[in-house]
Amino acid sequence: METKLISFASLKGGVGKSTHAVALTAGLLDQGHTVRFIETEEQGSAGAWADEVAAIDGKLQSSYLSIEGSDFQQANDKLLELSEGPEFVVVDTAGAANAGTLAALFTADLVVSPFTLTEWDMDGLKRTLTMFKRVFEQLNEDVPDSFLGLFVSEASFMSNVDRERLAALSDEMFIRKGMTKNANIKKWSEACRTPGQLREGIDRVEGSQPLNDASLTKVEKFINEYTKTIMEMF
């Protein structure tokens, strides 16, 4: 199959960008796909997660895209070079409009921007969408219909006001549901293993907390449903 490049971007921190990037990577790996994970932020936690998983799983390649001193074209060329080969490429961008982020937005088959329904997060989502559009406009390219706002809920309940906010946002972009915030997701990501690897009995990284069977089952459900949501965008 043709490589699909999925970039995670947000100009607002704390929305779960990196968590959703590694969760999608884990979901794809457990489905048997080959993946390259590209970290563009130096000392990024998502890149460290990918390094650990890649060390024990040949279906995953982990790379760091160095953009220091690069302009847009140089960063884009590096990204395209790294994207050759696997079925999927997942890019975790820095929370800034640097050369690597702009290249990842331009090259992606799908741009995913997580958000919650706070005013600050929705403002960050809209600023990220503006940045996405501006990349293509500055290059005199048509803006593609490939930007996804990924709604990260605090709980399963949603008020009518929240539904109205989501409906308004859906007039500007695709909106889909991401993973519900859950302490088990954080504990899982710190283990630096896919759910399938933990099921196989592969040891989690040293210093991480164990997940009991019930907790792991919940994590698997979150990741599987979320991965299905992303795959349906193609």
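Along the sequence shown, residues are numbered consecutively beginning with 1.
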With the side chain counted from C-beta on, respond yes when [X] and [Y] share a heavy-atom pair under 4.5 Å apart, and no when they do not.
X	Y	result
Leu82	Val89	no
Leu129	Glu172	yes
Phe147	Thr128	yes
Thr107	Val91	no
Phe115	Val152	no
Phe132	Leu102	no
Leu150	Lys177	no
Pro86	Val35	no

task: Describe, in one word, how the ring planes of Phe136 and Phe106 are oriented to each other, choosing from parallel (under 30°), tilted (30 to 60°) and perpendicular (over 60°).
output: tilted

Please determine, by modelled atom types, if [X] and [Y] share a side-chain donor-acceptor pair under 3.5 angstrom.
X	Y	answer
Asp77	Gln73	yes
Ser18	Ser45	no
Ser215	Asn212	yes

field: Positive for side chain to side chain contact (heavy atoms under 4.5 Å, CB included) with Glu87, one of Arg36, His33, Gln31
entry: His33

message: Checking side chain to side chain contact (heavy atoms under 4.5 Å, CB included) between Val53 and each of Val205, Ile202, Thr25, Thr194, which is the one that passes?
response: Thr194

Are [X] and [Y] in one and the same hydrophobic cluster, where Ile, Leu, Val, Met, Phe, Trp and Tyr link if side-chain heavy atoms are under 4.5 Å apart?
X	Y	answer
Leu80	Leu139	no
Phe234	Phe8	yes
Leu105	Val143	yes
Val15	Ile175	no

Look up atom [atom1] in [X] and atom [atom2] in [Y], then write down how far apart they are to the nearest 0.5 Å.
X	Y	atom1	atom2	result
Asp57	Gln197	CG	CD	5.0 Å
Thr229	Met179	OG1	CE	11.0 Å
Leu29	Ile223	CG	CD1	10.5 Å
Met233	Arg176	CE	CZ	5.0 Å
Asn98	Thr40	CG	OG1	6.0 Å
Ile6	Asp92	CD1	CG	13.0 Å

message: With a 3.5 Å distance limit and no angle check, can you tell me whether Lys17 reaches the backbone of Leu11 through a side-chain donor-acceptor pair?
response: no

message: Given 3.5 Å as the limit, does a donor-acceptor pair link the side chain of Gln74 with the main chain of Asp71, or not?
response: yes

Shortest non-hydrogen contact from [X] to [Y]?
X	Y	result
Phe37	Gly47	CE2-N, 4.0 Å
Ser66	Lys78	O-NZ, 2.9 Å
Ala94	Glu41	CA-OE1, 3.8 Å
Val22	Trp188	O-CH2, 4.0 Å
Ser62	Ala50	OG-CB, 3.4 Å
Ser83	Ile38	OG-CD1, 4.4 Å

Charged N to carboxylate O under 4.0 angstrom, [X] versus [Y]?
X	Y	answer
Glu141	Lys133	no
Asp121	Lys12	yes
Arg199	Glu220	yes

- request: Tell me, with the steps shown, if Leu110 and Ile230 meet side-chain contact (heavy atoms from CB on, under 4.5 Å).
  value: CA-CA 9 Å; Leu110 181 67; Ile230 298 299; 4.0 Å; yes

Steps toward side-chain contact (heavy atoms from CB on, under 4.5 Å) verdict (Lys181, Thr116): CA-CA 10 Å; Lys181 285 190 175 182; Thr116 69; 4.1 Å; yes

task: Would you confirm whether the ring centroid of His20 sits within less than 6.0 angstrom of the ring centroid of Tyr226?
output: yes

field: Glu232 CD: over 12 foreign heavy atoms closer than 6.0 Å
entry: yes

Lys187 atom NZ, over 12 foreign heavy atoms within 6.0 Å: yes

task: Kindly determine whether Leu28 and Lys59 satisfy side-chain contact (heavy atoms from CB on, under 4.5 Å), including the steps that lead there.
output: CA-CA 10 Å; Leu28 292 170; Lys59 297 190 302 297; over 6 Å; no

task: Begin with the C-alpha distance, continue with both residues' side-chain angles, and end with the deciding distance and a verdict on salt bridge (charged side-chain N to carboxylate O under 4.0 Å, His left out) for Glu119 and Arg165.
output: CA-CA 10 Å; Glu119 292 296 333; Arg165 288 175 174 173; 3.7 Å; yes

- prompt: Where do Leu79 and Leu5 land on the side-chain contact (heavy atoms from CB on, under 4.5 Å) test, with the steps shown first?
  reply: CA-CA 10 Å; Leu79 183 58; Leu5 193 151; 4.3 Å; yes

